[in-house]
Each structure stands twice: as C-alpha cells, then as structure tokens.
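What follows is one structure encoded as structure tokens, with my remarks underneath.
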Amino acid sequence: MNALDKYRGLAYLLAVVVLLPLLAWSLALSGTASQWRETRKAEKQLDAMRQQNGTSAVSAVALAAQEHISDGELLGDILCGPGCCEVVKYVPYVTGNADGLALHTAEIVLNTDYKSLVQIVDNIERTMPLSRLKSLSLRSVTPRGSNQVQLHAVLIIQQITENK
C-alpha cells in the first residue's frame, strides 16, 4: 500500500468540503450576491433622495406630457411608412389609475414582414422614450381560402401620464 493511498479519502473529503462550495460560489452565487448588493445600494440612495427632496419616487420619473395611446397618435408615430404594414387590430385602454397617474396600454396587431417589424420596433425604442414596448409576440396566420402564411406581430405598448 502506497503512502498516498492512505490519505486518498481525506483528499476527497477536503475537495468536497472546501473546493465544491468555493466552485459553486465563483460560478453561480457571486453574481447574484453582487447584484443584490448593488440593488440595496440603489435603494438606499433612492430613500436618501426621497428624504432630502420630500417627494415621492413617482415625481422623479419622467412622465409623458401628452398621452398618445387613446387618441391613435401612437399608430402614426410607430409606423415606418405607407405600405410597410397593415394594422389588423388596435385596442387602447387604461390599465390603471392611482395617485394622479394613469397607465395607458395599447395592444397592436400588425400584418407585416420581419424586416419592417424590426424597423417598427427600432422606431418605438428610439423615438418614443416615454413609452415602453412591454411585449412582442409573433404568430404565423394562414387566412381562410389562402395558402399564404402571414406574419402577425402583437405589440403591447405602455405609457404613464398624469391624470388631469
């Protein structure tokens, strides 16, 4: 029996007890812990700003001066031009009202090709900073009496405005 064979079990135990938790920390848990620390730091800064200014967190958020969802101006803002897409459905509604604020939501279904859809999403993200694209889903639809497959894009856009 070799002298190293005598300590093989102890070496395995040491590897399991020391190296395995160290490996788990470095690969999985350290990123989560650093994000948690950053979140705590940001919360403390936000609380300090609230106490210093005496305002709520909502007043620090940039609100849209004018609501573009219910009056249909949103469609004119996001469409990339004539003939690039067809609006299948447009449903504006108010999702919630609280503390003098209103959350407006629009569900838009577009019949378009993929290239035009990418241009529309880019247009929304670049030119409408006070509105958020909350969801984008794609569906392939085959209309009755047709063998052509159409791409329908369902966009959910939200905007926060002040109630007046």
Side-chain angles (χ1 to χ4, degrees), residues 1-64 69 74 77-78 80 84-85 88-89 91 93-143 147-161:
M1 187 154 143
N2 196 355
L4 294 177
D5 288 339
K6 196 167 39 170
Y7 297 109
R8 182 178 295 171
L10 184 62
Y12 288 149
L13 180 65
L14 181 68
V16 167
V17 170
V18 174
L19 295 179
L20 187 63
L22 187 64
L23 184 66
W25 172 261
S26 65
L27 293 179
L29 300 176
S30 65
T32 303
S34 65
Q35 286 289 355
W36 179 76
R37 282 190 296 272
E38 288 178 23
T39 304
R40 293 281 305 224
K41 184 179 174 183
E43 286 176 350
K44 287 179 184 178
Q45 287 177 346
L46 186 58
D47 287 339
M49 287 174 54
R50 281 185 196 145
Q51 290 174 357
Q52 183 180 18
N53 294 338
T55 60
S56 67
V58 176
S59 63
V61 176
L63 298 175
I69 290 181
L74 177 70
D77 292 342
I78 67 169
C80 56
C84 76
C85 66
V88 176
K89 181 173 131 180
V91 181
Y93 50 92
V94 177
T95 306
N97 285 319
D99 298 331
L101 300 174
L103 178 62
H104 298 274
T105 304
E107 178 182 353
I108 306 168
V109 179
L110 301 174
N111 179 13
T112 183
D113 61 341
Y114 189 74
K115 182 180 176 186
S116 297
L117 177 65
V118 171
Q119 289 174 347
I120 290 170
V121 170
D122 181 58
N123 189 18
I124 291 171
E125 291 178 349
R126 289 182 191 267
T127 63
M128 300 175 59
L130 298 177
S131 298
R132 295 285 182 250
L133 178 65
K134 300 306 280 185
S135 174
L136 171 65
S137 61
L138 302 174
R139 299 181 196 155
S140 58
V141 177
T142 306
N147 290 337
Q148 252 185 344
V149 177
Q150 296 177 349
L151 177 66
H152 280 195
V154 180
L155 292 91
I156 306 291
I157 300 174
Q158 291 185 331
Q159 180 182 28
I160 299 175
T161 59

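FYI, the numbering just counts along the sequence from 1.
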Counting only heavy atoms from other residues, nucleotides and ligands, does the tally under 6.0 Å from CD of Gln148 exceed 12?
no

Which distance, rounded to the nearest 0.5 Å, do you find between the NZ of Lys89 and the CG of Leu110?
12.0 Å

Are the side chains of Val91 and Thr105 in touch, meaning some heavy atoms are under 4.5 Å apart?
no

Can you tell me how far apart CG (Leu29) and CG (Leu22) are? Round to the nearest 0.5 Å.
11.0 Å

Find out whether Leu133 and Val121 are in side-chain contact, i.e. whether some heavy atom of one side chain is under 4.5 Å from a heavy atom of the other.
yes

Check: Gln150 and Ser140 side chains under 4.5 Å, non-hydrogen atoms:
no

Return yes if a side-chain donor-acceptor contact under 3.5 Å exists between Thr161 and His104, otherwise no.
yes

Nearest 0.5 angstrom please: Gln158 CD to Lys134 NZ, how far?
5.5 Å

Find out whether Ile157 and Ile108 are in side-chain contact, i.e. whether some heavy atom of one side chain is under 4.5 Å from a heavy atom of the other.
yes

Is any side-chain heavy atom of His152 closer than 4.5 Å to a side-chain heavy atom of Val88?
yes

From Leu27 atom CG to Leu23 atom CG, the distance as rounded to the nearest 0.5 Å
4.5 Å

Is it true that atom OH of Tyr7 has more than 12 heavy atoms of other residues, nucleotides or ligands lying nearer than 6.0 Å?
no

Ignoring hydrogens and angles, tell me if any N or O in the side chain of Thr39 forms a donor-acceptor pair with the backbone of Gln35 under 3.5 Å.
yes

Heavy atoms, side chains only, cut-off 4.5 Å: are Arg139 and Val154 in contact?
yes

Under 4.5 Å between any side-chain heavy atoms of Lys41 and Arg37, yes or no?
no

